[in-house]
Amino acid sequence: MNVRLEELIELIKSLRPLFLDRTGAGEVREKGLADFVTAVDFRVQETLRQILEEKYPEAQLLGEEKDNQEIDFERPVWILDPVDGTTNLIHDFQHSTLSLALFDQGELRLGIVYQPYTGEVFSAEKGKGAFLNGRRLKVSEERAMERSLISVGTSPYRHELAEENFRIFQELFLACSDIRRLGSAALELAYVAAGRTEAFFERGLHCWDYAAGLLLVQEAGGRVTDWLGEPVDIRTTRDILASNGPIGEKVLEFF
Ligand code: IPD
């Protein structure tokens with residue numbers, strides 16, 4: 001499927017007013033334990049669905065806020081999280097993103113992570129590199145754990161994982177420079193691609209949380225695996241570890 005990345009980026013940026021609507025962010029429903037959805041999530045998804053359907057009728061949409069039973073990965077699939085970091089959105093924490101990837105012919109072809117508060121657009125095309133607002137991205141060259149900044153995901157909807165997660169966070173905290181928690185997995189992956197952090201990891205991420213970010217990290221020269229160090233099949237919910245490579249090898253030993 002032929003997609004013009006620049007055109008797609010402009011389309012996504014045009015959704016900024018919808019994304020930043022504070023009234024919509026206040027219309028909240030609880031989907032599950034600590035798991036919320038707002039009117040903004042639905043409006044952004046529905047608006048983008050209509051635009052994509054009109055421009056690319058051959059592609060299906062897999063979205064966080066819809067039933068995705070009918071998705072056929074043999075055909076092109078958009079993978080969308082309309083608001084990654086919904087809890088941040090509700091609190092006006094200003095670290096939420098729109099994450100969009102295209103899966104076509106068995107692989108990820110493109111990924112975009114848009115941060116509407118800062119105007120940052122992280123984008124990647126398979127084999128063509130990763131960019132931030134047009135500037136090429138490269139992962140960090142840091143190899144020393146004690147100088148690394150590591151971003152962690154708390155798996156907020158899986159409280160049964162808290163004890164193990166926080167054991168890992170503590171051990172890593174004592175070994176690295178410091179840890180961070182941004183609250184949007186897509187943004188945390190984009191930060192690894194941009195070399196702002198050396199690694200990010202979180203258990204049980206859905207493909208809409210990590211698909212675009214995974215391509216960003218790979219195209220910026222980094223590595224994304226599951227927690228066993230194995231390649232990730234993006235059609236599945238997975239424990240994710242993204243890194244610049246060398247620091248990821250070291251983080252694996254903490255799991
Ligand atoms: C969540 C965010 C959060 C991460 C969760 C995700 P959502 O996405 O990425 O940072 O910890 O695991 O589910 O639910 O806000 O789209």
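Whatever order the structure lists them in is the order used to number ligands and atoms, beginning at 1. This chain uses plain numbering: 1 for the first residue, then up along the sequence. Computed from a predicted model, the values in this text were never measured in an experiment.
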>> Is the ring pair Phe73/Phe103 parallel, tilted or perpendicular, if the boundaries are 30 and 60 degrees?
In response: perpendicular
Table please: side-chain donor-acceptor pairs of residues 213-226 below 3.5 Å, with sequence neighbours left out.
from, atom 1, to, atom 2, distance (Å)
Glu219, OE1, Gly127, N, 3.3
Glu219, OE1, Lys128, N, 3.3
Glu219, OE1, Gly129, N, 2.8
Glu219, OE2, Gly127, N, 2.8
Arg223, NH1, Glu249, OE2, 2.9
Asp226, OD1, Leu228, N, 2.8
Asp226, OD1, Gly229, N, 3.1
Asp226, OD1, Glu230, N, 2.8
Asp226, OD2, Arg238, NH2, 2.9

> Quick one: hydrophobic cluster around Phe36, which other residues, with the 4.5 Å side-chain cut-off, linked directly or via members?
Replying inline: Val28, Ile90
> Should side-chain heavy atoms under 4.5 Å link Ile, Leu, Val, Met, Phe, Trp and Tyr, which residues sit in the same cluster as Val251?
Replying inline: Met145, Ile150, Val152, Phe166, Ile168, Phe169, Leu172, Phe173, Leu174, Ile179, Phe201, Trp227, Leu241, Ile247, Leu252, Phe254, Phe255
> Do you know which of Arg196, Glu188, Glu202 makes side chain to side chain contact (heavy atoms under 4.5 Å, CB included) with Ser151?
Replying inline: Glu188
> So which protein residues pack against ligand 1 under 4.0 Å, heavy atoms counted?
Replying inline: Glu64, Asp81, Val83, Asp84, Gly85, Thr86, Pro156, Tyr157, Arg181, Gly183, Ser184, Ala185, Glu202, Leu205, Asp209
> Just how far is it from atom OG1 of Thr47 to atom CZ of Phe19, taken to the nearest 0.5 Å?
Replying inline: 12.5 Å
